[in-house]
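See structure below.
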Amino acid sequence: MTENVEFVDVLVVGAGLAGIGSACQLRRTMPELSLAILEARAVSGGTWDLFRYPGIRSDSDMYTYSYGFKPWTDKSAIADGDSILNYIREAADEYDLNQHIRYNHKVVSAHWCSQDKLWTVTVVRSDGEEQLAIRCRFILSCTGYYDYKQGYTPEFDGIDDFQGEIVHPQFWPEQLDYKDKRVVVIGSGATAVTLIPSMANDTASLVMLQRSPTYIANVPAEDPWLKPLSKFMPSSWVFRSIRWKKVLLQQYIYRLSRKKPRGLRRYLLNQVREELGPDYDVDTHFTPNYNPWDQRLCAVPDGDMFAAIREGKAEVVTDHIDHFNSSGIALKSGNQLDADIVVIATGLKLKFGGDIAFRIDGEEVDPTERFVYRGMMLEGVPNLAMSVGYTNSSWTLKTDLTAKYVCGLLKKMKRGGYSSVIPTLSGEMKEVPLLDFDAGYVLRARDIMPKNGDRKPWKNNDSYTKDYASLEFNRNKYSELEFR
Ligand SMILES: Cc1cc2nc3c(=O)[nH]c(=O)nc-3n(C[C@H](O)[C@H](O)[C@H](O)COP(=O)(O)OP(=O)(O)OC[C@H]3O[C@@H](n4cnc5c(N)ncnc54)[C@H](O)[C@@H]3O)c2cc1C
């Protein structure tokens with residue numbers, strides 16, 4: 001079988017933001033390696049192609065959410081979905097990746113053979129059910145972190161009785177007409193706070209129905225450093241300066257939220273009070289019962305969501321759903337919300353590793369039983385890295401670092417004539433929670449995530465500056481890796 005099987009040096013799985021960025025870095029630093037990018041869908045872009053709800057945008061600033069090697073030159077710090085998709089595809093064009101991407105190729109399993117020191121990857125063509133195999137030396141898995149086929153929907157009693165339309169933001173119907181309709185958006189996360197301002201001008205009524213409030217930060221749509229710096233610096237320097245400012249600010253705010261949460265809480269709530277005025281019930285609708293960054297903090301550019309509320313085009317209802325009925329939602333308070341359309345913006349269904357079944361010499365690999373090495377490799381699993389971004393900061397900051405580290409690893413293997421590299425635990429280690437983060441989707445994922453150790457390099461840093469130092473400048477950056 002193996003003789004006719006195609007071979008590549010590096011296989012990247014997934015052509016989303018992380019997969020394309022990683023493949024660009026591979027082309028930049030190791031153009032001599034053969035490369036294939038396998039993508040289950042018919043197009044690239046991942047998240048930024050899949051989600052099509054009105055107003056879709058980043059809630060991270062684009063200076064840190066863009067790739068470090070491709071400056072974000074647009075004026076807006078928060079970008080809409082199409083601009084992000086264009087940016088990803090532009091990067092793919094710049095590095096001539098399209099010739100390496102195989103669309104409709106879903107990786108279902110990967111089998112490592114210790115004798116050959118190679119992976120054999122089984123792929124199912126999603127456009128025809130044909131199955132094929134590809135062999136490779138190294139797999140860089142960039143499959144994202146959620147299920148593309150279904151979102152997370154809590155169980156709601158009586159949902160089938162509802163006569164109106166139910167919509168999930170992950171599957172927004174292209175033709176959905178919400179003009180002059182009564183719309184209820186269930187949820188209080190990034191998606192809900194994006195939908196509210198973008199639908200508010202068209203709907204007859206618009207309610208954001210939340211069980212409990214989320215911290216919402218008002219951020220400037222354009223970075224205040226952009227204009228002054230642009231007067232005397234080239235755009236690439238401007239990008240780098242603002243990127244580092246944002247990185248340090250993000251880290252400072254995150255540390256502050258851990259060490260002095262009360263001050264940060266006061267600051268965020270004062271922002272909301274300023275936006276909504278003294279008569280608005282901020283305590284009920286915008287004051288969470290946890291500290292900032294215990295769950296992901298939402299950002300709204302130039303306070304657009306607050307403007308929709310202030311202008312009476314949208315309202316926030318904080319209550320619990322008792323059940324759905326034919327005309328809408330009956331709340332536990334006894335109130336009723338009538339609706340023509342209900343949007344269930346309650347989040348994502350998490351999935352780890354793109355549903356790929358990994359085996360080593362015939363034995364199944366259970367990721368939940370293994371420790372993670374430097375937030376990217378699995379204990380005892382050769383020649384495999386998984387690119388997963390930050391939850392408390394921009395996703396791409398970590399996926400960029402991961403790709404760079406993998407390039408360094410491949411260079412070292414080439415120089416040393418090694419055919420495999422295996423994260424190998426030396427001594428005992430205790431398990432500690434992977435993320436110090438209570439967001440619903442993170443809590444729901446605890447049973448599917450690999451184990452986090454209590455010491456370096458097996459402990460997840462969750463900090464860009466720490467990772468930057470340890471992955472780029474640390475002389476021991478390959479400690480506890482066994483090269484063969
Ligand atoms: C609406 C929305 C907004 C977001 N905004 C932000 C933000 O502002 N800031 C932030 O930091 N994060 C944000 N995130 C998180 C976001 O998912 C990441 O930032 C980023 O887009 C993930 O990129 P990725 O390439 O890792 O994964 P994805 O975008 O999910 O791409 C993964 C790709 O891998 C493919 N794939 C998966 N499994 C397989 C397989 N077995 N075989 C072949 N191909 C496979 C998928 O089809 C997909 O194309 C947001 C998420 C959502 C849903």
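The residues of the chain are indexed from 1 along the displayed sequence. In listed order, ligands and their atoms are each counted from 1.
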Just distances here: any N/O of [X] and N/O of ligand 1 closer than 3.5 Å?
| X | answer |
| --- | --- |
| Gly354 | yes |
| Ser394 | no |
| Gly45 | no |
| Trp48 | yes |
| Arg57 | no |
| Leu17 | yes |
| Ser60 | yes |

When you look for heavy atoms under 4.0 Å from ligand 1, do you find them on the side chain of [X], its backbone, both, or neither?
| X | result |
| --- | --- |
| Leu38 | backbone |
| Met62 | neither |
| Trp395 | both |
| Thr396 | neither |
| Tyr53 | side chain |
| Cys142 | backbone |
| Ser393 | backbone |

Tell me, please: is His105 in heavy-atom contact with ligand 1, that is, under 4.0 Å? yes
Could you tell me whether ligand 1 has any atom less than 4.0 Å away from a heavy atom of Arg296? yes
Salt-bridge criterion met for [X] and [Y] (N-O under 4.0 Å):
| X | Y | result |
| --- | --- | --- |
| Arg125 | Asp127 | yes |
| Asp61 | Lys245 | no |
| Glu379 | Lys451 | no |
| Asp294 | Arg258 | yes |

Say you draw a straight line from OG of Ser126 to CZ of Arg41; how long is it, rounded to the nearest 0.5 Å? 10.0 Å
Working to the nearest 0.5 Å, report the span between NZ of Lys106 and OG1 of Thr143. 9.0 Å
Under 3.5 Å donor-acceptor pairs involving side-chain atoms of residues 185-194, not counting sequence neighbours:
residue : atom : partner : partner atom : Å
Ser188  : OG   : Ser212  : O            : 3.4
Ser188  : OG   : Thr214  : OG1          : 2.8
Thr194  : OG1  : Ala190  : O            : 2.7

How are the rings of Tyr145 and Trp395 set to each other: parallel, tilted or perpendicular (split at 30° and 60°)? tilted
Should the pair Tyr390 and Tyr464 be assigned to parallel (<30°), tilted (30 to 60°) or perpendicular (>60°) ring geometry? perpendicular
Distance under 4.0 Å to a non-hydrogen atom of [X]: what atoms of ligand 1 satisfy this?
| X | answer |
| --- | --- |
| Ala18 | 24 (P), 25 (O), 26 (O) |
| Arg41 | 47 (O) |
| Ser58 | 8 (O) |
| Asp59 | 6 (C), 7 (C), 8 (O), 9 (N) |
| Gly46 | 29 (O), 31 (O), 48 (C), 49 (O) |

Are [Y] and [X] an aromatic pair, judged by ring center distance below 6.0 Å?
| X | Y | answer |
| --- | --- | --- |
| Tyr87 | Tyr67 | yes |
| Tyr63 | Trp225 | no |
| Tyr95 | Phe69 | yes |

Top protein contact for [atom], by heavy-atom distance:
| atom | result |
| --- | --- |
| atom 13 (C) of ligand 1 | Tyr65 OH, 3.8 Å |
| atom 51 (C) of ligand 1 | Tyr145 OH, 3.6 Å |
| atom 34 (O) of ligand 1 | Gly14 CA, 3.2 Å |
| atom 2 (C) of ligand 1 | Thr47 CG2, 3.9 Å |
| atom 39 (C) of ligand 1 | Thr143 CG2, 3.7 Å |
| atom 33 (C) of ligand 1 | Glu39 OE1, 3.7 Å |
| atom 27 (O) of ligand 1 | Gly144 CA, 3.2 Å |
| atom 44 (N) of ligand 1 | Ala40 N, 3.1 Å |

Treating Arg296 as the side-chain partner and Thr391 as the backbone partner, does any N or O pair qualify as donor plus acceptor under 3.5 Å? yes
Residues His285 and Thr318: side-chain donor-acceptor under 3.5 angstrom: yes
Going by atom types alone, do Arg359 and Ser109 pair a side-chain donor with an acceptor below 3.5 Å? no
Can I get a per-line list of side-chain donor-acceptor pairs under 3.5 Å for residues 165-175, giving both atom names and the distance, sequence neighbours left out?
residue : atom : partner : partner atom : Å
His168  : ND1  : Gln170  : N            : 3.2
Gln170  : NE2  : Asp147  : O            : 2.8
Gln170  : NE2  : Tyr148  : O            : 3.3

Flag side-chain contact, heavy atom, 4.5 Å: Thr203 against Lys179: no
